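Data first, discussion second: the structure below is written as structure tokens.
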Amino acid sequence: MTEKLSDATRGPLLDPLFSAGWQVVDGRDAITKTYKFDSFVDAFGWMTRAAIWAEKWDHHPEWSNVYNTVTVILTTHDVGGISALDAKLARKMESLF
């Protein structure tokens with residue numbers, strides 16, 4: 001069962017993501033990052049690769065794409081906030097970028 005990150009686990013899991021440009025969403029227990037690509041095809045290709053992992057892990061992002069920019073928000077709706085699944089998917093997105 002997935003659970004919301006405790007105060008003790010937030011730092012170790014989220015600090016490396018914050019160093020990579022992720023931020024906490026104002027007013028929500030969620031993290032966000034905007035990725036910029038060279039073209040729409042590059043952005044859409046990255047989204048496709050990330051979607052395969054999201055589906056495999058049954059953890060789906062809130063995201064939007066405008067031309068070469070993809071904005072991602074990660075939170076675990078089932079637990080009402082950030083879980084280890086969000087950190088895991090964010091790390092995967094970073095590795096795919």
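If you're wondering where the values come from, they're calculated on a predicted model, not measured in any experiment.
- With sequence neighbours left out, Asp29 forms a side-chain hydrogen bond (donor to acceptor under 3.5 Å, both in side chains) with Arg10.
- Tracing side-chain contacts under 4.5 Å through hydrophobic residues (I, L, V, M, F, W, Y), one reaches Leu13 starting from Trp53; they form part of the same cluster.
- Between Trp46 and Phe97, the angle of the ring planes goes over 60°, which puts this pair in the perpendicular group of the 30/60° scheme.
- Both Val24 and Tyr35 are part of a single hydrophobic cluster, where members link through side-chain heavy atoms under 4.5 Å apart.
- Using a 4.5 Å cut-off between side-chain heavy atoms of Ile, Leu, Val, Met, Phe, Trp and Tyr, with links allowed through other members, Tyr67 and Val70 fall into different hydrophobic clusters.
- Taking the six-membered ring for Trp, Phe44 and Phe37 have ring centres at least 6.0 Å apart.
- Annotation: the span from His77 atom NE2 to Ser83 atom OG amounts to 11.0 Å, rounded to 0.5 Å.
- Under a hydrophobic clustering in which Ile, Leu, Val, Met, Phe, Trp and Tyr are joined whenever their side-chain heavy atoms come within less than 4.5 Å, directly or via other members, Leu89 and Val72 fall into the same cluster.
- Under the 4.5 Å side-chain criterion, counting only non-hydrogen atoms from C-beta, Met93 is in contact with Pro61.
- Proximity of Leu5 to Asp86: side-chain heavy atoms (C-beta onward) are nowhere separated by under 4.5 Å.
- Counting heavy atoms from C-beta on, the side chains of His59 and Thr2 never come closer than 4.5 Å.
- Between Thr75 atom OG1 and Lys4 atom NZ the span is 8.0 Å, to the nearest 0.5 Å.
- You'll find the side chain of Leu14 reaches within 4.5 Å of the side chain of Ile82, heavy atoms only.
- Looking only at distances, no side-chain donor or acceptor of Asn68 sits under 3.5 Å from a matching main-chain atom of Lys36.
- Minimum heavy-atom separation, His60 to Ala54: NE2-O, 3.8 Å.
- Of the possible polar contacts, none joining the Lys33 side chain to the Leu17 backbone as a donor-acceptor pair under 3.5 Å is found.
- Expressed to the nearest 0.5 Å, how far CH2 of Trp57 lies from CD1 of Ile52 amounts to 12.0 Å.
- From Arg91, atom CZ reaches atom CH2 of Trp22 across 11.5 Å, with rounding to the nearest 0.5 Å.
- Considering Asn65, Thr32, Thr34 in turn, Thr34 is the only one that fulfils the side chain to side chain donor-acceptor pair (under 3.5 Å) rule with Thr71.
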